[in-house]
A.B. asks: 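Quick one: the structure is below, questions incoming.
Counting starts at 1 for both ligands and their atoms, in listed order.
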Amino acid sequence: MGGYQFISKEPQHTLEFAKRLAEKLQPGDVIALEGDLGAGKTTFTKGLAVGLGVSRTVNSPTFTIIKEYQGRLPLYHMDVYRVEDSFEDLGFDEYFEGNGVTVVEWAHLIKEQLPEELLTIYLYHEEEQSRKIVLEPQGTRYEQLCKEIF
Ligand SMILES: Nc1ncnc2c1ncn2[C@@H]1O[C@H](COP(=O)(O)OP(=O)(O)OP(=O)(O)O)[C@@H](O)[C@H]1O
Ligand SMILES: [Mg+2]
């Protein structure tokens, strides 16, 4: 494993990387975002939204769990931090199998419901302004995607 990682020196760097990734995304792609509070999951999602041509501002959907945005492809932004238990079914499948891109903050909290193939992105706090960002692809589609952007 490994190889697909870098240090983001500031929020803008994370945004730019996510934007570049977004340009390569396809209908049905699923991205799991993992990292502590304030690691940058929502920041990363904002960059994806820009890259997908979403004009609305993406903010933290903590109290709504799922938010939809229109862009080149629809963006489904989930934050499952407040999901009661890992089997609670809020119709996630329909999003994963839909024709948009799904991004899930705290994805491991619903791990039983995640698709087998997805791209997991870990964000680790390094210092005030820097984050280690590690991409872990599951499946050939996401392996290919990582190769293209690194
Ligand atoms: N290199 C960096 N990349 C991303 N964010 C950074 C970086 N350096 C500093 N930050 C700051 O860290 C914060 C990250 O907040 P953000 O809401 O994106 O985190 P989160 O992981 O979504 O948190 P939560 O678990 O509460 O949802 C922002 O204030 C952002 O400006
Ligand atoms: Mg967040």
A.B. asks: Is there a nitrogen or oxygen of Ser60 sitting under 3.5 Å from a nitrogen or oxygen of ligand 1?
C.D. replies: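 No, Ser60 has no N/O under 3.5 Å of an N/O on ligand 1.
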A.B. asks: Any side-chain to backbone donor/acceptor pair from Gln113 onto Glu88? Under 3.5 Å, distance only.
C.D. replies: yes
A.B. asks: For ligand 1, indicate whether the residue Leu123 contacts it via side chain, backbone, both or neither (heavy-atom separation under 4.0 Å).
C.D. replies: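 No part of Leu123 comes within reach of ligand 1.
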A.B. asks: Looking at the Mg ion (ligand 2), is one of the N, O or S atoms of Thr42 less than 2.8 Å from it?
C.D. replies: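 So Thr42 does bind the Mg ion (ligand 2) by this criterion.
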A.B. asks: Check for me, please, whether Leu90 and Ile110 land in the same ILVMFWY cluster - side-chain distances under 4.5 Å, paths through other members count.
C.D. replies: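 Looking at the clustering, Ile110 is in the same group as Leu90.
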A.B. asks: Side chain to side chain contact (heavy atoms under 4.5 Å, CB included) with Glu112: which residues, sequence neighbours excluded?
C.D. replies: Ser86, Phe87
A.B. asks: Which is closest to atom 4 (C) of ligand 1 by heavy-atom distance: Ile7, Ile133, Thr14?
C.D. replies: Thr14
A.B. asks: Could you tell me, atom by atom, which parts of ligand 1 come under 4.0 Å of a heavy atom of Glu105?
C.D. replies: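 Checking each atom against Glu105, I get 22 (O), 27 (O).
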A.B. asks: Under 3.5 Å between some N or O of ligand 1 and some N or O of Thr43?
C.D. replies: yes
A.B. asks: Which one holds for His13 and ligand 1: side chain close, backbone close, both close, or neither close, with close meaning a heavy atom under 4.0 Å?
C.D. replies: neither
A.B. asks: Going by heavy-atom distance to atom 9 (C) of ligand 1, choose the closest among Arg131, Lys46, His125.
C.D. replies: Arg131
A.B. asks: Give a yes or no on whether the ring-centroid distance for Tyr122 and Tyr4 is below 6.0 angstrom.
C.D. replies: no
A.B. asks: Return yes when Gly38 approaches ligand 1 closer than 4.0 angstrom through a heavy atom, no otherwise.
C.D. replies: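 Contact present.
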A.B. asks: Under 4.0 Å from a heavy atom of Gly40: give me the atoms of ligand 1 that qualify, with their elements.
C.D. replies: 14 (C), 16 (P), 18 (O), 19 (O), 20 (P), 21 (O)
A.B. asks: Under 2.8 Å from the Mg ion (ligand 2), is there an N/O/S atom belonging to Glu105?
C.D. replies: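 For Glu105, the answer is yes, given that an N, O or S atom comes within less than 2.8 Å of the Mg ion (ligand 2).
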A.B. asks: Classify the ring geometry between His13 and Phe6 as parallel (under 30°), tilted (30 to 60°) or perpendicular (over 60°).
C.D. replies: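 Ring orientation of His13 relative to Phe6: tilted.
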A.B. asks: Side chains of Arg56 and Gln70, heavy atoms from C-beta outward: is any pair under 4.5 Å?
C.D. replies: no
A.B. asks: Check if Asp36 has a non-hydrogen atom at a distance under 4.0 Å from any atom of ligand 1.
C.D. replies: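 Heavy atoms of Asp36 do come under 4.0 Å of ligand 1.
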A.B. asks: Please determine whether side-chain hydrogen bond (donor to acceptor under 3.5 Å, both in side chains) holds for the pair Glu34 and Thr120, giving the CA-CA distance in whole Å, both sets of side-chain angles, and the decisive distance to 0.1 Å.
C.D. replies: CA-CA 7 Å; Glu34 303 288 0; Thr120 304; over 6 Å; no
A.B. asks: Measuring from the heavy atoms of Glu128, does anything fall under 4.0 Å of ligand 1?
C.D. replies: yes
A.B. asks: Under 3.5 Å, N or O to N or O, is Ser130 touching ligand 1 that way?
C.D. replies: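 No, no N or O pair falls under 3.5 Å.
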A.B. asks: Which heavy atom of Ile66 sits nearest to which heavy atom of Met78, and what is that distance?
C.D. replies: CG1-CG, 3.9 Å
A.B. asks: Please work out whether any backbone atom (N, CA, C, O) or any side-chain heavy atom from C-beta onward of Thr42 is under 4.0 Å from ligand 1, and answer side chain, backbone, both or neither.
C.D. replies: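 Contact part for Thr42 vs ligand 1: both backbone and side chain.
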A.B. asks: Looking at non-hydrogen atoms alone, which of Ala39, Ser8, Gly47, Pro11 comes nearest to atom 6 (C) of ligand 1?
C.D. replies: Pro11
A.B. asks: Where is the tightest heavy-atom contact between Leu109 and Tyr81, given as atom of each residue plus distance?
C.D. replies: CD1-CA, 3.8 Å
A.B. asks: Ignoring hydrogens, what is the shortest heavy-atom contact between Leu114 and Ala107? Give both atom names and the distance.
C.D. replies: CD1-O, 3.6 Å
A.B. asks: If the condition is side chain to side chain contact (heavy atoms under 4.5 Å, CB included), which residues does Leu145 pass it with, not counting sequence neighbours?
C.D. replies: Leu21, Lys24, Leu25, Leu119, Arg141, Tyr142
A.B. asks: I need the contact type for Trp106 against ligand 1. Using non-hydrogen atoms and a strict under-4.0 Å cut-off, is it side chain, backbone, both or neither?
C.D. replies: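 Near ligand 1, Trp106 shows its side chain, while the N, CA, C and O stay back.
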